[in-house]
Structure formats: C-alpha cells, structure tokens
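Just so it is clear, the values below take in all heavy atoms, side chains as well, and ignore hydrogens, waters and symmetry mates. All residue numbers in this chain count up from 1 along the given sequence.
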Amino acid sequence: MKLKLFYSFKRKVLAVCLAGMILMALCVGGISLWTISHLTYDYEIQNMNHLVDTKATIINDELLRSESIVNYAANSVSRKISDPDQLRNPAFQQRLAQSVDHDFQDATTNLHIICSYYLYYPSENISALWKASRGHDSMFYDVLAQQRGESGQAAPRHVVAFAYLMDQGKAAWTQPYYSPYLNRYIISYLRPIYEDGVMVAIIGVDLDFQAFIDRLYAKPSEGEEHGMIILSDATGTVEYSPEKPLGMPLVDKDIHLVDTSDKVAEASQTDNTMVTYTWDGQQSIAGIKGLRNGMNFIDLRQIPQIYDRTHKAFMQMGMGLVAVCILASLLPLYMISRLSERLQLVIEAAKEVGEGNYDVKLHDMHPDDIGELSRNFQAMAEKVAAAQENLTYMSQHDALTGILNRMGLDKEVADWLKAHPASHGALVSLDLDGFKFINDLHGHMAGDEALRTLAKDLIESFGHDQIIGRNGGDEFVVFMKDTEPEQAEKVIKAFFNKVKTFTYDGEIHAFSVSIGYTLYKGDGTSLSRLFHQSDTALYAVKLRGRNHYRAYEPTMENLNRTSLGFNLETITKNLPLALLVTEAKEDGKILFINKAMLDLLDCRSVTEFMAFTEEKQNHIICECDRERVRQLTEQQLLEDAGKTYSVTYCIRTVKGQRKHIFSVWRMADNPNYGRVFYATLVEQKFLWPFVSEHLSEDDDLT
C-alpha cells in the first residue's frame, strides 16, 4: 500500500504540469524558500544539540567505564579490609595490590584511553601498586619496580592529585595536569576507601588527556564543519585544546561568554537551552553538553554564518527552478515514486518493530537522507533487539548462580507443560540445610559460594537438558522432563547420596540438602499445584529433621507447618544458656555458637568471636584452667560417645574480664563433622542462689 500523501502529491504534480510547468515551479520554489528561511535556525539548533549529545555520550561512556573499573576495585578492596591495621602488614599489602592489579588487568583490555592505574596508602605515603602503559596498544609495566631500580626506593606519586582528593573526601575527577612520571598530560579519577572514618587507601586511574582531546578536535565529519568544537571547563570560559592541554581562556581567541556561568551550568544539563557568545564580534550560539568529569563539550556557531548558508540555499534553489521547469513533467513523477517506495519500506519496518518484530531488513545504501534514515533505523532495531534479548535473559536468570530464577522457572516449565501435556515428569524442590549457619559462621561470601556450588552440582547430576533454577534464597527447583517415576527417584536418590562440599578461602566445607518432589503424570496438573505439592513434600522432610528426600503424598497436606517455627535458628537464638559446638579434639575447631555465647564473651559479632578465639575451643578457657580441662577432654575422648560431663572453669572475655563458668557437655557423632562436643555454659553466679539453698555449712564448695 502506497502513502496517501504521495498519491495526493502526484495528482497535484500532474495537474500543475497540465496547467503550466513554469507556474508550478515558481509556486513550489517560493514555498520551499519561505519554509527554509523559517526552519534553518531551528534545524541548526537541533543539529548542534544532536552533535554535542552524540559525542558527549561516547565520551561519558568511556568516563563511566573508567569510574566503574575504579569503583569495582575499590569495593573489592573495601571488602577485604576489616581492620585498618591490616595495611601495616607487608604481606597483606602485597596480596591487596595483586588483587587490585588483577581487577584492572581484566577491565582495561578494551579501554585504551587508560594509561595508568594505582593503589596508594595515604597513612604510609606509599604507592602499593602503580602500573602504566607506554602506548595505546602496549602492556602495562610496573612503574614502582622501575623507580626502585633507578633510585633505590619507590617515591610517592601524584602528590597534588592525592592532596586534592583528600580535600574532597570523596571520589572525584581531577583537573588536567602534566605527569612527569608518565611524560604526558592526564586527568585522573580517584576513589578513597574509608574504614572506621579513616581514609586507608586510594585507588585511581589516569586517562591520556592528550589523546582524549586529540580525538575531540579531529577533522570534523560531513555536516560538522560550519562551527567550532570546544572542550571547556565547567564555566564555559576556558578551552582545553591539543595545543593548550592545561587550558587557555577563550577570550584569547576573541570568544566572549555573554550569558552567566549559571546559564552555562543549566544548558549543560538540558537540550532545550542554548548559550550565547560573541565570536570575532559576531553574535554566536552554542550547543553545550556536560561531561562526567565536570567539563563541557561545546559546538559554537556564528548566527550570520547560519543565515549565510540559508542565502546560499536560496541561490541554489533559484538556479534549480530553471531545471525544474524543464524536468517538471517527468522528473518529479519519477523521483516521488522512488522516494515513496523507499519511505514505504521504512514505514513498514517501523510497523514491524511496533508490533515487537525486530528482525527487519533495510538495505537502502543510497547516500541521502532516506538512505541514512533506513540505515539508522536498521541499526536502532538491531540495538533494541539485542537490548530486549539481554533484558529477557536477565529477567529470567539468577545473577549469582547463572541458572533460571523464579520467573524463568515458571515460564520454562509452563511452556513445556503446554507443549507436552501428556508427557511424564517430576518437579523437585530442595534447599540447602543450615544455610544461615554457613553465613553466620563463615560469612555471606561463603554462603554465595555454597549456592553456586549447589547449582553446579544440580546441573551435573540432573543434566543440562533439564529445567534448573533458583527459587529464591537457598531454595532450588528442578523440573525433570520426559521422566518416569522410577527414573526420577533413581536420579534424585543418586544426587542425595552424592557427597556435597564447597571450597571457600582454601577450606573444604560439607553441606547437605533437603529434597521434596512430586510426579507429573500427564494428567494436566497445573504448575501452581505441582509447586504446592513439591513444596509440601519439602516441608515434610524438614519436619523430620532435614537432610533427606521424600515424594509428595496426599497425607502430607495434614502436616502442621507451624512447628517449623521452632527450628534450630529460633531455639538457639532465644536459648538463655550459651551453646557451643566444637570438634571432639583437644584444640578442636569451633563449629557453632549462639547469641548467648557471644554475650558471654562480650563479643559484638560472630566475626569478632572467631578472631578472639582463633576458632579454637581451648582459647576460651583461661590458662590457669586449660590443663585441667584438657585432661578431662582426653578422658572423654577415650570413652564412648553419649556420656555427659560437667566442669567448672574460668574464661576470659574480649574486654579482659574473667568469668567463672559451669559447663555441661556431651560427645556425639555428626554425619558431616565426625565426633563433636555439644556444650552448654552458664555463669556460676546464676547458679549460686540455687546451690546455696541446698548446701549445709559443712559442704565443700570446691
């Protein structure tokens, strides 16, 4: 279907051709000239704003990527520093520098504008890491190592830049400056790292400012040669050019700002405001766009020059009128028909995109506006399609494990059930036992590693062709497609019996899972019902002590889930007695504690407790009682498990206080940790009122 507008225009052209070729040409030419005179100014403003927006977007993208690299490395360092005193340890400093170096090496591969990155300790006034590139395509070399070889010691670097950052107190871009170490003009982005209100480190990158401005001031492309491209400071009065990288006042080039600096700041943040200058005494306007580092990108054009282009267009149009008179009978019809066909392809492609079909093919290679429109539209459709595909993937996949999330699970399972309503399958719900215990004892990063490991185990055990996802938290779901009941139980049993461990911080930790599953027999059971049944089976496993697997049975619907409220977490948190679980050894490792145990040693967190005790049970006991308790421990290790012991001893707290403790303990076998000690501890002062009531004067209190 052709455009109605062009059909109408064709009829008008035919009528005008029959009435008189010259009259038509004069009317069309007059209307065109009048339209151009009114639209040229607006078009130039739009063109200027488009130019600065396009180039500023590219520049800001590189600046943002540079900031992201620094922020990623800074966040990684911040997580590793739990105490500022760690930075006084040379071995820790070296590990930290290696970690930062690794982060930058991974991130700077495709960002050649970065010429240097570093890690600096303000308190020590030293650079722990400083690597720089000699060229755009060369590797980063160790500047500190070179300095040591030349002067015998690594001198602190960029003192001015670091002083500027310490005054700012937050991440910031520096003004351009010349670095004698790097032998080039640079701008730096620095990010401070604070611990307990103290700046303990600074991470930063240097960008090759000379290359930065050389690219901005490169030969303009077609349509950009009518004005002046300027990289200015925030006030719009200082220019940074290849000849003057450190800045030169614009007044030296006879360019004067007419508006205020506030108007410049406002215009740099919007496309609706232009800034007024005078250039060589001529009134001029500028499109301006702010960059992330506080600079402005400006396209400056003289207003008379803009209208000179209009006058030139008038002359060209006048000359064209003669040709139009000659060719009006044939050429307009041919051109309009061709343009209509090409524009119709763009319109049809736009309709396809509007309906959600991004697979459009426009192959218009003509070097005109319609050809450019077609190519730009094609590029836009491809970018939108890629973005849509990426968003769809992200919305349906778990960021931590890489497998499906709940939305993705629902979609994949629902699609399979719709496509295979009569096929058999199984929906498996499982979660990681004691996940909060892992987080509390080893930290959330260990918990994340446990979840990633469980996801990999599920893929290895059930296969890549099955639907596997994370339902949320520590709960996972597997839908086994085209699976008979016997086969499903066999695979689930094999996965359950598989030894499950994850490695964190160089140590291997065992874990277990609870599994509930339900069978899909091709009977049209809804997805929500299948999830309910597998979830019910999972809770049945939990009610019986976890670390097991069960298939759904209708009788499970009568289970009282409220009893799950009294789980290990709730009981240990509210238990008034201190609870301690350790390996059954003389210097056994601490495996579990509750809040009352933290309070007993005056510790504020599990991390502080583990650091204070070095994760050893005998470090809780004062040295005066360690030998006596050790002998009792040796005696119990020689006897059978299950016997209960009690003992009194003295402990020391984080605050240096001593407390007299009455402890009851028992040794038992644990499927994950072997033989362990379960002990409860209470201060003797709480037992004394009760004991004193039942003692006579002759009783021995020893």
Side-chain angles (χ1 to χ4, degrees), residues 397-406 409 426-480 483 487-518 534-535 537-552 564 567-569 581-584 588-592 615 668-676:
H397 287 77
D398 177 51
L400 177 65
T401 60
I403 60 178
L404 295 171
N405 58 17
R406 180 56 190 265
L409 280 168
L427 184 66
V428 185
S429 294
L430 66 152
D431 64 14
L432 196 156
D433 295 334
F435 180 63
K436 186 177 187 304
F437 172 71
I438 295 175
N439 281 336
D440 290 344
L441 185 59
H442 303 293
H444 288 278
M445 294 184 66
D448 291 346
E449 185 59 34
L451 295 176
R452 284 191 288 265
T453 301
L454 178 54
K456 294 177 183 177
D457 290 346
L458 290 173
I459 295 174
E460 292 176 358
S461 298
F462 289 90
H464 291 272
D465 56 336
Q466 303 297 2
I467 302 174
I468 302 174
R470 181 184 176 194
N471 199 24
D474 61 336
E475 185 173 341
F476 292 76
V477 173
V478 178
F479 186 84
M480 305 175 67
T483 306
Q487 182 184 2
E489 182 177 2
K490 180 180 178 181
V491 175
I492 293 171
K493 182 178 180 181
F495 172 73
F496 174 78
N497 291 329
K498 178 182 178 181
V499 176
K500 303 172 188 66
T501 60
F502 70 92
T503 302
Y504 175 71
D505 201 17
E507 295 186 4
I508 298 176
H509 305 276
F511 67 93
S512 63
V513 296
S514 298
I515 305 173
Y517 67 96
T518 186
S534 65
D535 182 63
L538 175 60
Y539 272 98
V541 173
K542 292 180 179 180
L543 285 171
R544 294 194 176 185
R546 305 177 186 269
N547 192 19
H548 199 55
Y549 68 95
R550 292 188 66 183
Y552 170 77
L564 286 175
N567 54 23
L568 176 61
E569 176 186 352
V581 182
T582 67
E583 294 177 336
K589 181 179 180 181
I590 296 174
L591 302 176
F592 181 79
E615 300 187 26
D669 292 322
N670 183 279
N672 294 322
Y673 299 99
R675 286 197 167 187
V676 298

Requested in this report: Go through Thr503 and Glu449 one step at a time and tell me if the side chain to side chain contact (heavy atoms under 4.5 Å, CB included) criterion holds.
Outcome: CA-CA 8 Å; Thr503 302; Glu449 185 59 34; 6.0 Å; no
Query - Candidate pair Phe592 and Val676, rule side chain to side chain contact (heavy atoms under 4.5 Å, CB included), full reasoning - result: CA-CA 11 Å; Phe592 181 79; Val676 298; over 6 Å; no
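- Residues Val541 and His548 share a closest heavy-atom pair of CG1-O, 3.4 Å.
- How far CZ of Phe462 is from CD1 of Ile492: 5.5 Å, rounded to the nearest 0.5 Å.
- Counting heavy atoms from C-beta on, the side chains of Phe511 and Leu454 come closer than 4.5 Å.
- With values rounded to the nearest 0.5 angstrom, Leu458 atom CG is found 11.5 Å from His464 atom NE2.
- A salt bridge between Asp457 and Lys498 is present, with a side-chain N of the basic residue lying under 4.0 Å from a carboxylate O of the acidic one.
- For the residue pair Thr401 and Ala455, the shortest heavy atom distance occurs at CB-CB, 3.8 Å.
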Query raised in the report: Leu538 and Ser514: side chain to side chain contact (heavy atoms under 4.5 Å, CB included), yes or no, with the steps?
Result: CA-CA 7 Å; Leu538 175 60; Ser514 298; 3.8 Å; yes
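- For the residue pair Tyr517 and Ala537, the shortest heavy atom distance occurs at N-CB, 3.8 Å.
- Closest non-hydrogen pair, Leu430 versus Val478, comes out as CD2-CG2, 4.5 Å.
- Asp433 and Ser512 share a side-chain donor-acceptor pair at under 3.5 Å.
- In terms of heavy atoms, Ile403 sits closest to Ile468 at CB-O, 3.7 Å.
- The structure places CD1 of Ile515 at 8.5 Å from OH of Tyr549, a figure rounded to the nearest 0.5 Å.
- Ring planes of His442 and His509: tilted class, angle from 30 to 60°.
- Atoms CG and CG, from Asn471 and Asp398 in turn, are 10.5 Å apart once rounded to the nearest 0.5 Å.
- Taking CG of Asp535 as the start and CD of Glu475 as the end, the distance is 6.0 Å to the nearest 0.5 Å.
- In this structure, the side chains of Thr483 and Val491 stay at 4.5 Å or more apart for every pair of heavy atoms.
- Lys500 contributes a side-chain N or O that, together with a main-chain N or O of Phe495, makes up a donor-acceptor pair within less than 3.5 Å.
- Of the listed residues (Leu427, Val428, Asp431, Leu404), just one forms a side-chain contact (heavy atoms from CB on, under 4.5 Å) with Val477, and that residue is Leu427.
- Shortest non-hydrogen contact noted between Arg470 and Leu451 is NH2-CD1, 3.5 Å.
- Formation of a donor-acceptor pair under 3.5 Å by the Glu583 side chain with backbone atoms of Lys589 is found in this model.
- The NE2 atom of His444 lies 5.0 Å from the CG atom of Asn439; values are rounded to the nearest 0.5 Å.
- Heavy-atom neighbours of Glu489 CD from other residues, nucleotides or ligands within 6.0 Å: at or below the threshold of 12.
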